[in-house]
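Notes to accompany the following structure.
Since this is a predicted model, take the numbers as computed values, not measurements. Note that these values count all heavy atoms, side chains included, but never hydrogens, waters or copies made by symmetry. In the text below, chain A, chain B and the rest are named by the order of the sequence lines, each starting its count at 1.
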4 protein chains.
Amino acid sequence: MVDRYFSNKSLKLGKRERTRSALIDSAIKVIAEKGFESASIKEITQAAGLANGTFYNHFTDRESLASEAAGVAIFEIALEIKEEVKDIEDGLDKVIVSSDKVVDRTINAPTWGKIIIGAWHHLDDFQQDVAQIMRSDLNLAKRQGLTSLPINKLLEYQICSLIVLSISLQLKNGRNKATRLETAEAILRLLGIAPAEAKQRAQKALFG
Amino acid sequence: MVDRYFSNKSLKLGKRERTRSALIDSAIKVIAEKGFESASIKEITQAAGLANGTFYNHFTDRESLASEAAGVAIFEIALEIKEEVKDIEDGLDKVIVSSDKVVDRTINAPTWGKIIIGAWHHLDDFQQDVAQIMRSDLNLAKRQGLTSLPINKLLEYQICSLIVLSISLQLKNGRNKATRLETAEAILRLLGIAPAEAKQRAQKALFG
Amino acid sequence: MVDRYFSNKSLKLGKRERTRSALIDSAIKVIAEKGFESASIKEITQAAGLANGTFYNHFTDRESLASEAAGVAIFEIALEIKEEVKDIEDGLDKVIVSSDKVVDRTINAPTWGKIIIGAWHHLDDFQQDVAQIMRSDLNLAKRQGLTSLPINKLLEYQICSLIVLSISLQLKNGRNKATRLETAEAILRLLGIAPAEAKQRAQKALFG
Amino acid sequence: MVDRYFSNKSLKLGKRERTRSALIDSAIKVIAEKGFESASIKEITQAAGLANGTFYNHFTDRESLASEAAGVAIFEIALEIKEEVKDIEDGLDKVIVSSDKVVDRTINAPTWGKIIIGAWHHLDDFQQDVAQIMRSDLNLAKRQGLTSLPINKLLEYQICSLIVLSISLQLKNGRNKATRLETAEAILRLLGIAPAEAKQRAQKALFG
DNA sequence: AATGAATGAGCGTTCATTCAT
DNA sequence: GATGAATGAACGCTCATTCAT
């Protein structure tokens, strides 16, 4: 049986919705464990305590379940992190601390890391969802005059790329303070901050 | 039958080498079309006009062919681009023009773009190969005093991530001058260049 | 389609059990025809009128089906023969008549003979099963004071070897009264009976 | 490269015969290592330092090479053992000591044990060859009045079956003095010797 | 709505065999 | 005669998908 990461509300739902949620939860878990391509429908349904045929009552194919699962997963992470950084007032700090928390979470709970890496190049929607998460923080920094750059989708994607790279490397080589720091600095430089200031800021925001 | 991207010299080679090259060419094409995971050995051999069993005379498994194919693909591109930018003397310009050419090439010949995107997260070696390509240019820029940053692997990977993102977006949405420009600017900012100068440099280096 | 040697009761069984039985029946037949190593899963399933994939709903691999099939085959034969010799009171006679009946049956229904020969050297369990069948009769003979030898596994195996040899020869050269008789005599001598008495006993027990 | 167990004379032979011998030697080795069914032609030829195609210049199929190899192997063993027991004058002792030596050799050099077990049920000729080996000793025992039984093929086969069983068990469970002794006793009883005398004889012949 | 047995195309892989060199 | 690249049928096995229950 799968932990209910995301569907604790399931009790309030009808039977159909409950089964659907169970499948999504299970998919998140299995994809995280086995990777995107190796998550077979049989394994997903079994982990959910359901029969394989049940899958087809709710989804047309594996892809459709996967994109839903990825969306649910990232949305929940975003909510949690947003809460955790709500007291940071500096927009830039908010961006790099959030980013670092995403990475951090994935290193400690590879479940999420792998699903993010795995989904990154497979699901268009997923990239958009992820990128959007930092939009409000970026706009905050802009309003605070901390960056002169126009905030657009490409910039969001670029930041996400740096985050995904950091996750990917640390998943492979283990947690690494230098990588975290340099990733934060790189994000800041990408936002137009000069190297020296970027270094100071990153150090202070991440490690006090 | 597959175009001989990389083995035009095949006529000079022995039979064994010719077949081997044909398989690599075919693999490049099929991986580009179907993606990394979906490129079956049968399809690769069929596209090469060979029997499926022939594959195993030359490679132990799909992975080994794939990494070879990816390596060949990127190596050839790198060589060509290096030649094309040999007259640029400014290290930073060299980096962003090279990067832009990689992107440009993949947009015009999606075969290569897709294989790069596809291999990016699957083959460790591949990432290393790609990253290394810009090392000499980065070091040149460093020697020229154009960037104060230490040149290390992570920085190379970060630049590559931006390139891969640019490829990915333009493959999906079509060629886009703004994306090219902003990617070059982003690379420069990542290297510590101030936004305004980055903008000028990018504009000038890419579009004269 | 395959005769239902062992699963005549199939009508009473659930669908799953019916299919499983069909596979075992089919395996028995195919192994008998083609030999142990050449009985492919495809052929077994086809002979059962099922799809090859169905096999894997019921067995993990070929070996597991084979050992089950062999076990079923020998168990059924043993039961029948036990019943047929239940009125023989002399332990030694019981042993050699049972043995002769096993051989006899395999000559008339080569299906069984070949499966026994085929499985003999491939499945450890199978040898143990077969050998055990005569244990009770041997112990009976011992209690009756008809043999002074200790009854142990090796002795059982030795008797089985003589039976398998007899089967093997008669499968090749056809039914042969002399071979049957001499096999019975050999078993008796193996059990310590003097040649002359062995001859008399064998003649009388087998042919009245 | 393969040791030349049986074809040291190869130097005197023509090239064709030399290659043929090399294949037979190699087959013996590979069959012994991998078993009968798993000895692929590629492996046999490779172990002989030859190309796989070469096989077909000398043999029509795997079976034909195998039977030749088995024949060569057993013939050589028989010669050696015959020499080793040439000073034993008692026919029965000769039989059981020879038998024990065959078994012994296979336990110490599983190469031969496995090939004998492996070939036993696959090659008709092989069985005949093996059985014939003890014919002269059996006839000697008969002439010496040590057994009253008629010496025929079946009897030879029966003795061989007991030997093969002994090999098989000891290959699986390791060398075992009791098994050797009981096998010798069983052969003697099979030849009509009373259990008590069989016990004495076996003990004395095998272990002095 | 949920089941799970059955399906069969497709996978990667092995290997006896052919044949041009 | 020897070679070894090429072959392609066959293998064991996986899995998304269907459908009767």
Side-chain angles (χ1 to χ4, degrees), chain A residues 14-20 22-23 37-46 48-63, chain B residues 14-20 22-23 37-46 48-63, chain C residues 14-20 22-23 37-46 48-63, chain D residues 14-20 22 37-46 48-63 65:
Chain A
K15 189 179 179 192
R16 178 168 182 83
E17 290 310 314
R18 227 161 44 237
T19 301
R20 191 184 162 84
L23 284 170
E37 306 283 348
S38 306
S40 73
I41 285 168
K42 182 168 190 188
E43 195 163 3
I44 291 171
T45 51
Q46 260 180 4
L50 296 165
N52 61 24
T54 301
F55 174 86
Y56 293 92
N57 291 330
H58 296 276
F59 302 93
T60 58
D61 56 15
R62 201 179 50 167
E63 204 76 355
Chain B
K15 190 183 183 190
R16 179 171 181 84
E17 291 310 315
R18 224 159 49 237
T19 301
R20 192 183 161 84
L23 284 170
E37 306 281 350
S38 307
S40 75
I41 285 165
K42 183 166 192 188
E43 194 163 4
I44 291 171
T45 50
Q46 262 179 2
L50 295 165
N52 63 30
T54 301
F55 175 86
Y56 294 94
N57 289 333
H58 298 275
F59 302 93
T60 58
D61 55 16
R62 201 180 51 167
E63 203 76 354
Chain C
K15 191 182 181 190
R16 179 170 182 83
E17 291 310 316
R18 225 159 49 237
T19 302
R20 192 184 161 84
L23 284 170
E37 305 281 351
S38 307
S40 75
I41 285 165
K42 183 166 193 190
E43 194 163 4
I44 291 171
T45 51
Q46 263 180 0
L50 295 164
N52 64 32
T54 301
F55 175 85
Y56 295 94
N57 290 334
H58 298 275
F59 302 94
T60 57
D61 56 16
R62 201 181 52 168
E63 203 76 354
Chain D
K15 188 180 179 192
R16 177 169 183 83
E17 290 309 316
R18 225 159 49 237
T19 302
R20 189 183 164 85
E37 306 282 348
S38 306
S40 73
I41 285 168
K42 182 169 191 188
E43 195 163 5
I44 291 170
T45 51
Q46 261 180 4
L50 296 166
N52 61 23
T54 301
F55 175 86
Y56 294 92
N57 291 330
H58 297 276
F59 302 95
T60 58
D61 56 16
R62 201 179 49 166
E63 204 75 356
L65 169 55

Heavy-atom nearest pair, D:Phe55 first then D:Asp61, reads CZ-O, 3.4 Å

Heavy-atom pair with the smallest gap, counting every atom of C:Leu23 and C:Ala48 | CD2-CB, 4.4 Å

By nearest-nucleotide position on DNA chain F, the 5'-leaning member of B:His58 and C:Ser38 is B:His58

Comparing nearest nucleotides in DNA chain E, the 5'-proximal residue of the pair B:Lys42, C:Ala51 is C:Ala51

Paired with E:dA9: which nucleotide, if any, by Watson-Crick or G-U wobble criteria at under 3.5 Å for both distances?
-> F:dT14

Should C:Arg20 and C:Arg16 count as side-chain neighbours, where that means a heavy-atom distance under 4.5 Å?
-> no

Sugar-phosphate only, base, or nothing, as touched by B:Ser40 at under 4.0 Å among non-hydrogen atoms = sugar-phosphate

Give a yes/no answer on whether the side chain of C:Thr54 brings an N or O atom under 4.0 Å of OP1 or OP2 in E:dA5.
-> no

Hey, which of these two, C:Thr19 or B:Ile41, hits DNA chain E nearer its 5' end, going by closest nucleotide?
-> C:Thr19

Base F:dA5 paired with B:Asn57 side chain (donor-acceptor, <3.5 Å) | no

Taking atom types as they are modelled, is there a donor-acceptor pair under 3.5 Å from the base of E:dA2 to the side chain of A:Asn52?
-> no

Is there a Watson-Crick or G-U wobble partner for E:dT14 with both distances under 3.5 Å, and which nucleotide is it?
-> F:dA9

Against the side chain of A:Asp61, the closest entry in F:dT17, E:dT3, E:dT18 is F:dT17

Nearest to the side chain of C:Arg16, which nucleotide is it out of F:dT17, E:dA5, E:dT7?
-> E:dA5

Watson-Crick or G-U counterpart of E:dA1, or none if no pair lies under 3.5 Å = none

Name the closest nucleotide to the C:Tyr56 side chain, picking from F:dT14, E:dG4, E:dT7.
-> F:dT14

If you pin C:Ala39 and B:Arg20 to their nearest nucleotides in DNA chain F, which one's is more 5'?
-> B:Arg20

If only side-chain N and O atoms of B:Arg62 are considered, is one of them under 4.0 Å from the OP1 or OP2 phosphate oxygen of E:dG12?
-> yes

